[in-house]
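Working notes, beginning with the structure itself.
Whatever order the structure lists them in is the order used to number ligands and atoms, beginning at 1.
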Amino acid sequence: MIRTCGLGKIYSQGVHPVAALTGVTLHIPPGQFVAVMGPSGSGKSTLMNLLGCLDTPTSGTYMLDGVDVTRLGDVELAAVRNRKIGFVFQAFNLLPRMSAVRNVELPMLYAGVPPRERRERALKALEMVGLADRVHHRPSQLSGGQVQRVAIARAMVNNPVILLADEPTGNLDTRSGREVMAIFQELNRKGTTVVLVTHERDIALHASRILHFIDGRLVGDEKNGNPVQAAGGTGTGPHPDCRGEVAVP
Ligand code: ADP
Ligand code: MG
């Protein structure tokens, strides 16, 4: 599903360039539920933005669902984002003046789905996250946990192959956080690949695999609580085609 080789990102806007991510080689097979952990500033959001095609790497390659997305232009990338990726953010990022159902319809609008089908699929997605009775509420009329569930419905409505979530429970109370995690687990059980950033160990334990980042580097990989050796048939070693750091032109 996801294969990165020597993925790196250097931000060079400021006076001093920042190496936010360095040499990340990673394989995430379809159907896996992965948590990403690490201290603040360790590159977790940078990784998610690269995996979500919201940003482009300064080194390395990224294959998503068999496509080398590092070679795609902006228009093609936007299409990949819309069709293959669902993104859930800590800050929800819903449009405040639109009802829940209209927020969920938006990605289908961009994908060119006809109005009636948009409405049907949006209602179904809201039902899936337990909000069938809140579809005409605006975000300000919903609790934090409900707003995040609308955001999950929006992320899932185009049937993405992968769901990326950057600290989705970061703004939620414990109970709402648990509800949101239950939805992620259910989606994963039905086959969606999930990658989720969290700094809470309790939340990370919902995943079957935990990746640890420090200073922009992947420093640990545990499956079901056991450390995984970086090389040797675990699915985490470099792909035969991966020759380490490959400069992106
Ligand atoms: P995390 O999500 O783990 O807290 P980030 O990926 O947001 O970490 O940030 C990693 C490093 O990159 C930090 O040092 C941060 O200050 C820097 N950084 C993140 N985004 C930018 C940006 N747009 N421009 C410059 N530096 C950035
Ligand atoms: Mg972050």
Which atoms from ligand 1 have a heavy atom of [X] less than 4.0 Å away?
X	answer
Pro39	3 (O)
Val18	12 (O), 14 (O), 17 (C)
Gln13	24 (N)

Is there an N/O/S atom in Ser45 that lies less than 2.8 Å from the Mg ion (ligand 2)?
->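 For Ser45, the answer is yes, given that an N, O or S atom comes within less than 2.8 Å of the Mg ion (ligand 2).
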Is it true that the side chains of Thr46 and Asn49 contain a donor and an acceptor less than 3.5 Å apart?
->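 Short answer, no.
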Donor-acceptor pair between His137 and Gln146 side chains, under 3.5 angstrom |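 Checked: His137/Gln146 side chains show no N/O donor-acceptor pair below 3.5 Å.
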Identify the heavy atoms of Leu218 and Thr25 that sit nearest to each other, and give their distance.
->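 Closest approach of Leu218 to Thr25: CD2-O, 3.8 Å.
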Just wondering, are more than 12 heavy atoms of other shown residues or ligands nearer than 6.0 Å to CD in Glu127?
->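 For Glu127, atom CD is not crowded (no more than 12 foreign heavy atoms under 6.0 Å).
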Atom CG of Asp74: over 12 foreign heavy atoms under 6.0 Å |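 Counting neighbours around CG of Asp74, 12 or fewer heavy atoms of other residues, nucleotides or ligands fall under 6.0 Å, so no.
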Do Asn171 side-chain atoms and Gln90 backbone N/O form a donor-acceptor pair below 3.5 Å?
->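 Indeed, once roles are kept as given, a pair shorter than 3.5 Å links the two residues.
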Test item: Thr198 side-chain N/O and Glu167 main-chain N/O as donor-acceptor pair under 3.5 Å =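 Here the side-chain-to-backbone pair does not exist.
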Heavy-atom distances under 4.0 Å are what count here, so tell me which part of Thr46 touches ligand 1: side chain, backbone, both or neither.
->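 Both backbone and side chain.
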Starting from [atom], locate the nearest protein heavy atom and write down its residue, its atom name and how far away it is, to 0.1 Å.
atom	result
atom 27 (C) of ligand 1	Tyr11 CD1, 3.2 Å
atom 12 (O) of ligand 1	Ala20 CB, 3.3 Å
atom 8 (O) of ligand 1	Gly43 N, 3.2 Å

Minimum non-hydrogen distance to atom 10 (C) of ligand 1, winning option of Ser45, Gly216, Gly41 |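 Nearest option to atom 10 (C) of ligand 1, by heavy atoms: Gly41.
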Spacing of Asn158 atom CG and Arg83 atom CZ [to the nearest 0.5 Å] |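 Separation between the atoms: 8.5 Å.
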Run the contact test for Gly14 against ligand 1 with a 4.0 Å cut-off on heavy atoms, strictly below, and give the result.
->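 No heavy atom of Gly14 comes that close to ligand 1.
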Answer yes if a protein heavy atom lies under 4.0 Å from atom 16 (O) of ligand 1, otherwise answer no.
->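 No, no protein heavy atom sits under 4.0 Å from atom 16 (O) of ligand 1.
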